[in-house]
2 protein chains.
Amino acid sequence: MDNNSCIRQQADIKQINRCKDRVSELNGSFDYLSNGLKLAGNNVRLKILFLIYEEKRLCVCDISDILGMTISAVSQHLRKLKDRKLIETEREAQTIFYSLTKEYEKMLKPFFKILDENKILETL
Amino acid sequence: MDNNSCIRQQADIKQINRCKDRVSELNGSFDYLSNGLKLAGNNVRLKILFLIYEEKRLCVCDISDILGMTISAVSQHLRKLKDRKLIETEREAQTIFYSLTKEYEKMLKPFFKILDENKILETL
DNA sequence: TTCGTATTTTAGTAGTTGCTTAAATAAGCA
DNA sequence: TGCTTATTTAAGCAACTACTAAAATACGAA
């Protein structure tokens, strides 16, 4: 795009440049974090994460039953969460159990606290 | 969908029902929270939120310049953030400045801390 | 009022996402 | 080995998203 269209006359050039540097410095981190937030930013996946958090571990079949969705649809969500290492698997005979990875359990806890206490509508 | 396809034989019916109740009880909160996370879960919007957080306030034009995007594209992101009250506006002559709402500033801080300290790749 | 600056809005479009259906894989058991 | 159970994967498609380009709105100054 062409930048010469609207730089406002009172623009603080120093500020703009500082910000540009900041963004390029942190660029990879933005990608990584936004990707993680996007995963949690889906209604179904957020419920899945919450259920796994509360119950410690669940299999696709349980989740499919709880959410009233096809196993296939749930499985595809689980794969996304697993690819990004928000959750991990543990096989027990034919059943594969999913649980939160330690890092994300810690990270998601505050959100689930808010959810659980139903404070969400006032807090946000 | 039809549920009778795969309820595994050793399924814990009590657990399933407890989870179903939990989900329907918190249903509105899941919608609200996932919607918010989705907004932050976009590369461009996360950068916008971060920049506004660091600089206190910025106008569309500044952000467009910093990110190398058209003003129109940035404006459309800002509208989404504003609709959901993550950010608010303050007019100064022809220029409209955007800043984080207090609630979200508090809520986003821990994420930006991680970003800033570049810990993100180890922490997440 | 007319012009310039700052910004938003609208319409159109290419790319992405989340689901469905059907086929494939994997483990346990007769 | 074949059969059942548990699960994943692949193909297809409808809905959604983020952008572009052009038009519209809003304020200030001459």
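The chains referred to below are lettered A, B, ... by the order of the sequence lines, with proteins before strands, and numbering in each begins at 1.
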Donor-acceptor pair present, B:S72 side chain and D:dA21 base, under 3.5 Å: yes
Output the rounded distance in Å from NZ (B:K47) to C1' (D:dC19). 15 Å
Salt bridge present between B:R22 and B:E25 (N-O < 4.0 angstrom): yes
A:H77 NE2 to C:dT17 P, in whole Å, measures 12 Å
Partner residues of B:K80 under the side-chain hydrogen bond (donor to acceptor under 3.5 Å, both in side chains) criterion, sequence neighbours left out: none
With a 3.5 Å cut-off and no angle check, do the side chains of A:S72 and A:Q76 form a donor-acceptor pair? yes
Ranking C:dT17, C:dT8, C:dA6 by distance to the side chain of B:T95, first place goes to C:dA6
Does a side-chain heavy-atom distance below 4.5 Å link A:E54 with B:R18? no
Contacts of A:R45 meeting side-chain hydrogen bond (donor to acceptor under 3.5 Å, both in side chains) (sequence neighbours excluded), chain-then-number -> A:H77
Nearest listed nucleotide, side chain of B:S75, among C:dT7, C:dT8, D:dA18: C:dT8
Just checking A:K82: base, sugar-phosphate only, or nothing, at a heavy-atom cut-off of under 4.0 Å? nothing
Please report, rounded to the nearest Å, how far the C1' atom of D:dA21 is from the CD1 atom of B:I71. 14 Å
Does a side chain donor of either A:K56 or A:S99 reach within less than 3.5 Å of an acceptor in the other side chain? no
Picking from D:dT20, C:dT17, C:dT7, the nucleotide nearest the side-chain atoms of B:C61 would be C:dT7
Quick one: does B:Q76 reach the base of D:dT20 with a side-chain donor-acceptor pair under 3.5 Å? yes
How would you summarise protein contacts on nucleotides 23-29 of chain D per nucleotide, using B for base, S for sugar-phosphate only and - for none, with heavy-atom distances below 4.0 Å? ---SBS-
